Amino acid sequence: MNTVIHNTATASLINSLECSSCGKSYSAFEFHKLSACCHMPLLANYDLKEPLDKATLYSRPGTMWRYRELLPVLGEENIVSLGEGFTPILSLQALAGKYGFKELLLKDEGQNPTGSFKARGLSMAVSKAKEFGQEGCIIPTAGNAGVALAAYCARAGMKAVVVMPRHTPKAFREECLWYGAEVHLVDGLINDCAAKAGELNADGFLLDVSTLKEPYRLEGKKTMGYEITEQLDWQLPDVILYPAGGGTGLIGIWKAFRELKAIGWLPAEAKLPRMVAVQAENCKPLVETFFGRQQSARDYVGKPTIANGLAVPRPIGEQLMLKTLSQSEGTAISITEEEMVLGMQELGKSEGFFVAPEGAALWIVARKMLASGYILPQEQVLLLNTGSGQKYMDNVEGKYKV
Ligand SMILES: *Cc1c(COP(=O)(O)O)cnc(C)c1O
Ligand SMILES: [Zn+2]
């Protein structure tokens with residue numbers, strides 16, 4: 001692996017990495033995974049000045065790479081892309097009308113390559129792996145991240161090893177195999193897969209791209225925050241609902257809003273959205289910590305859920321997620337398996353979206369929060385649907401009500 005790289009063809013403004021726990025600074029031009037000081041996630045810092053004028057931005061292709069100055073890839077030739085990002089934001093008029101929302105929006109990440117927002121993070125992580133001369137990557141996954149890693153590694157000509165729970169719907173592992181990845185099945189949840197990945201990669205030959213254990217997946221996910229802002233014409237929604245597992249999306253979107261303020265594309269006084277983390281009753285470590293029912297998720301035991309992406313019992317990004325919730329004056333909430341199925345059916349029947357159970361959970365929560373008064377009828381609400389429902393058939397087949 002190359003240890004130091006210098007190339008500014010993308011005009012990336014990245015200037016350092018920073019330990020999310022103590023703030024210690026690390027070089028962005030050497031390869032780092034977790035911080036050496038605290039073994040916690042590293043966050044990328046940029047020279048936060050206005051990177052380009054908006055007219056130039058608007059003239060660029062509709063992918064997440066239109067923000068390349070604010071992304072970490074240095075050499076344009078290292079970008080590994082399948083056209084990810086710039087997914088549409090659509091209005092849910094039928095449901096809004098029926099339940100009394102003034103404006104209910106859905107950003108449909110199911111339209112990304114490989115059917116989920118995991119494409120953003122893995123496109124970025126694999127691009128950086130390529131930039132640093134890495135030959136292969138390994139990932140513990142609940143499903144979607146593994147598929148995305150397999151696809152981007154295939155595109156980059158790199159080896160991919162995917163470790164997923166045995167109960168994951170078959171379509172996830174099948175797709176990985178079509179991309180030529182090596183797939184391992186483990187009895188347990190993603191934390192058990194992480195342990196297995198550690199064993200498989202004991203010699204460290206492969207780059208472990210586990211959630212937040214390297215700094216770049218987060219940089220891919222943050223582009224959702226840039227897009228929401230640009231697509232809504234630099235006016236943010238009042239509330240964003242996000243299905244939180246490992247938390248990269250939640251943390252990344254919030255990082256993006258703060259960066260946009262720093263470069264002046266959002267006014268310093270702009271009110272940022274309240275961020276709501278949605279989890280499954282079966283695995284809700286963040287909800288438990290947020291409401292003080294445990295000190296941290298360190299010993300939390302979760303159960304499987306049909307929303308596979310939410311089965312993350314001990315997220316390393318817990319502190320960063322909690323910080324996002326408190327800084328944004330948001331909250332955390334969980335819902336049942338049955339409610340997710342109902343949400344899938346309502347979004348399907350009323351709006352024509354076949355969303356992942358993770359995304360369906362958001363709609364149910366929006367409806368409950370309007371009823372409880374947490375969301376006001378005149379507020380603009382955005383549901384961040386993280387994935388398509390198509391690969392979840394083993395979990396939901398035939399469960400719709402006629
Ligand atoms: C991974 C995943 C999530 C959880 O995302 P994080 O950023 O890890 O919190 C939610 N929904 C889907 C469909 C996923 O694949
Ligand atoms: Zn530190």
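As the structure lists them, so they are numbered: ligands from 1, and atoms in each ligand from 1. Everything quoted here is computed from the prediction, not taken from an experiment.
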| message | Among all protein heavy atoms in this structure, tell me which lies nearest to atom 7 (O) of ligand 1, with the distance rounded to 0.1 Å. | response | Tyr242 OH, 2.6 Å
| query | Is it the side chain (CB and beyond), the backbone, both or neither of Phe172 that lies under 4.0 Å from ligand 1, heavy atoms counted? | reply | neither
| request: Could you please spell out the steps behind the side-chain hydrogen bond (donor to acceptor under 3.5 Å, both in side chains) verdict for Glu219 and Tyr46? | output: CA-CA 11 Å; Glu219 294 303 292; Tyr46 298 78; 2.6 Å; yes
| task | Look at atom CD of Glu135 and say whether more than 12 heavy atoms of other residues, nucleotides or ligands are closer to it than 6.0 Å. | result | no
| message | Does atom NZ (Lys49) have a neighbourhood of more than 12 heavy atoms from anything else shown, all under 6.0 Å? | response | no
| task | State the atoms of ligand 1, each with its element, that fall below the 4.0 Å cut-off from a heavy-atom position in Thr248. | result | 6 (P), 7 (O), 8 (O), 9 (O)
| request: Considering only NZ, NE, NH1 and NH2 on the basic side and carboxylate oxygens on the acidic side, decide whether Glu346 and Lys401 come within less than 4.0 Å. | output: no
| said: Check this for me - ligand 1, Asn144, N or O atoms closer than 3.5 angstrom, yes or no? | reply: yes
| field | Lys221 touching ligand 1 at heavy-atom level, < 4.0 angstrom | value | yes
| remark: Note: SG(Cys22)-the Zn ion (ligand 2)-SG(Cys19) angle, rounded to 10 degrees, equals 110°
| Where is the nearest protein heavy atom to atom 12 (C) of ligand 1: which residue, which atom, and how far? | Thr386 OG1, 3.3 Å
| query | Gly249 to ligand 1: N or O pair under 3.5 Å? | reply | yes
| field | Phe291 atom CZ: more than 12 heavy-atom contacts under 6.0 Å | value | yes
| message | Phe117 versus ligand 1: do any nitrogen or oxygen atoms come within less than 3.5 Å of each other? | response | no
| Under 4.0 Å to a heavy atom of Ala244 - the qualifying atoms of ligand 1, by number | 9 (O)
| request: Determine whether the side chains of Ser334 and Glu281 contain a donor N or O and an acceptor N or O closer than 3.5 Å. | output: yes
| query | Between Phe257 and Tyr226, is the gap from one ring center to the other below 6.0 Å? | reply | no
| field | Short N or O distance, Ala356 and ligand 1, threshold 3.5 Å exclusive | value | no
| field | Closest protein heavy atom (residue, atom, distance) for atom 3 (C) of ligand 1 | value | Lys118 NZ, 3.5 Å
| request: Among all protein heavy atoms, pick the one closest to atom 8 (O) of ligand 1 and tell me residue, atom and distance. | output: Gly246 N, 2.9 Å
| Going by the atom numbers of ligand 1, which of them fall below 4.0 Å from some non-hydrogen atom of Tyr392? | 13 (C)
| task | Please indicate whether any nitrogen or oxygen in Gly247 is less than 3.5 Å from any nitrogen or oxygen in ligand 1. | result | yes
| query | Is there any side chain to side chain donor-acceptor pair (under 3.5 Å) pair reaching into residues 176-194, and which pairs are they, with sequence neighbours excluded? | reply | Lys159-Glu182, Arg166-Asp187, Glu174-Trp178, Glu175-Tyr179, Glu182-His184
| said: Can you name the atoms of ligand 1, numbered from 1 with element, that are less than 4.0 Å from a heavy atom of Gly309? | reply: 2 (C), 3 (C), 4 (C)
| query | With a 4.0 Å cut-off on heavy atoms, is Ala145 touching ligand 1? | reply | no
| field | Shortest non-hydrogen contact between Lys255 and Glu259, atoms and distance | value | NZ-OE2, 2.8 Å
| Are any of the side-chain heavy atoms of Thr211 and Arg217 separated by less than 4.5 Å? | yes
| query | Can we call the ring centroids of Tyr99 and Trp363 under 6.0 Å apart? | reply | yes
